[in-house]
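The structure appears below as structure tokens.
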Amino acid sequence: MAEDKPLAVVTCTAPVNIAVIKYWGKRDEELILPINSSLSVTLHQDQLKTTTSAAISRDFTEDRLWLNGKEDDIGQPRLQSCLREIRRLARKRHSGNGNSGDSSSRRSSLSLAYKVHIASENNFPTAAGLASSAAGFACLVYTLAKLYGVEGELSEVARQGSGSACRSMFGGFVQWVMGQNADGKDSIAQQVAPETHWPKLRVLILVVSAEKKHVGSTAGMQTSVKTSLLLKHRAEALVPERMSQMTQHIQQRDFEAFGELTMKDSNQFHATCLDTFPPIFYLNDISKQVVALVHRYNAHCGKTKVAYTFDAGPNAVLFMLDDTVDEFVDVVKRSFPPENNGGQFLKGLPVGSATPSEELLSAVVRDPTPGAIQYMLLTKPGPGPALVEDASCHLLGADGLPRSSS
Ligand code: 2P0
């Protein structure tokens, strides 16, 4: 940390993750402790990432926050929890190192009294319903930790921003172990396999709606915990075994088993939403059409080649191996023909052309629905948070205020 300069600024990036064993329900709202473990795939930051810059200066008069260029409330309790926790760890570390009162530790503890400016932006639309809070809080915690020189276990801090954020602290395949302790010290994320483990795995996101979701995750899971006996049964009796099965399928790169369990767990999560009282509906008619399309495609192929999963919104996230992508993208285009943005319909990794057989098309494509899917984004598993060395990428200028994004 460059405390000698008037302004110390650090910039980092962090990824989005998609759960294949879902987290839904807390046993502690404040510390964000879940009622079951969960497991996710970290998506590649080339396609989806949050970038955050954090700066400290003796000239700053208050802590401030900008999200996607607009000033936001830094007083939000979860953001304050993360900031407080990182500052506490920094203080602990510096006092541990600095009993001798050397000049560097005196500078470090002085900088802890400075105010912080934070600017954060996504390279994807926040409103698209793609898990922006996970990447956002993971990036915030990672960036603050770099700024204050904090090392070690940070997923426990990210968890206090948003549960799913703890899984975005690692790349590849990541489990969030629910833990048992009341203080949450053992409720942490761990990498199950690195992003290089399954090079053929691809992730195709179908953005079916840019509307904001109706019931937020935090409120939705509170009602589910209070009212759904199915959720309780799932958490206690079903998830533990699913966690070990999913880990095994990933380790063995067994796509059929991985895909089938992914779909079943997504369906069970949405079943617990329906079992919530009053019920919560995240899937819409288009989501259901995607489910049916995937099952018709797999049935025609005679095996699970594509798997869907849905979070607290209608967008579909599909897993498949690279040799399936061209054909399945063609099938999606024929099933949901783009209406206005033909050129922008397919984003992310390149997709080749395919000529599916007439037999396949007649078995799989039914009642095309133009305009139902806004766009598709192709990505793959990717790495965890990273420090950005290039100073030209800082979101905060030399004055500590957001640089214009033009
Ligand atoms: C997940 N979801 O495992 C599940 C599946 C949505 C469906 O984690 O209250 O934003 O901040 O801990 O992490 C969304 O919930 O909720 C979520 P909080 P979060 O990815």
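Counting convention: from 1, in listed order, for ligands and their atoms alike. All residue numbers in this chain count up from 1 along the given sequence.
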Part of Ile32 within contact of ligand 1 (heavy atoms, under 4.0 Å):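 For Ile32, only side-chain atoms sit under 4.0 Å from ligand 1.
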Location of contacts on Ser162 toward ligand 1, heavy atoms closer than 4.0 Å: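 The answer is both, backbone and side chain.
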Any Ser38 heavy atom less than 4.0 Å from ligand 1: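 Ser38 does not count as a contact of ligand 1 under the 4.0 Å cut-off.
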Salt-bridge contact Asp323-Lys200 (side-chain N to carboxylate O under 4.0 Å):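 Lys200 and Asp323: not salt-bridged.
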Residue [X] vicinity, atoms of ligand 1 by number, heavy atom under 4.0 Å:
{"X": "Ala19", "value": "1 (C), 3 (O), 20 (O)"}
{"X": "Arg78", "value": "9 (O), 11 (O), 18 (P)"}
{"X": "Phe269", "value": "7 (C)"}
{"X": "Ser133", "value": "10 (O)"}
{"X": "Lys26", "value": "9 (O), 12 (O), 18 (P)"}
{"X": "Met221", "value": "15 (O), 16 (O)"}

Centroid-centroid distance, Tyr114 to Phe60, less than 6.0 Å: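 Ring centres of Phe60 and Tyr114 not closer than 6.0 Å.
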Any side-chain heavy-atom pair from [X] and [Y] closer than 4.5 angstrom?
{"X": "Arg64", "Y": "Ile118", "result": "no"}
{"X": "Leu204", "Y": "Val351", "result": "no"}
{"X": "Gln289", "Y": "Thr369", "result": "yes"}

Between ligand 1 and [X], is the shortest N or O to N or O distance under 3.5 Å?
{"X": "Thr218", "answer": "yes"}
{"X": "Trp24", "answer": "no"}
{"X": "Asn17", "answer": "no"}

Donor on one side chain, acceptor on other, Gln160 and Arg78, under 3.5 Å: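 There is no such pair between these side chains.
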Where at least one partner belongs to residues 26-53, residue pairs that pass ring-ring contact (aromatic ring centres under 6.0 Å, His included), sequence neighbours excluded: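 ring-ring contact (aromatic ring centres under 6.0 Å, His included) check on residues 26-53 returns no pairs.
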Aromatic plane relationship, His117 with Trp66 - under 30° parallel, 30 to 60° tilted, over 60° perpendicular: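 Rings of Trp66 and His117: perpendicular, as their planes differ by over 60°.
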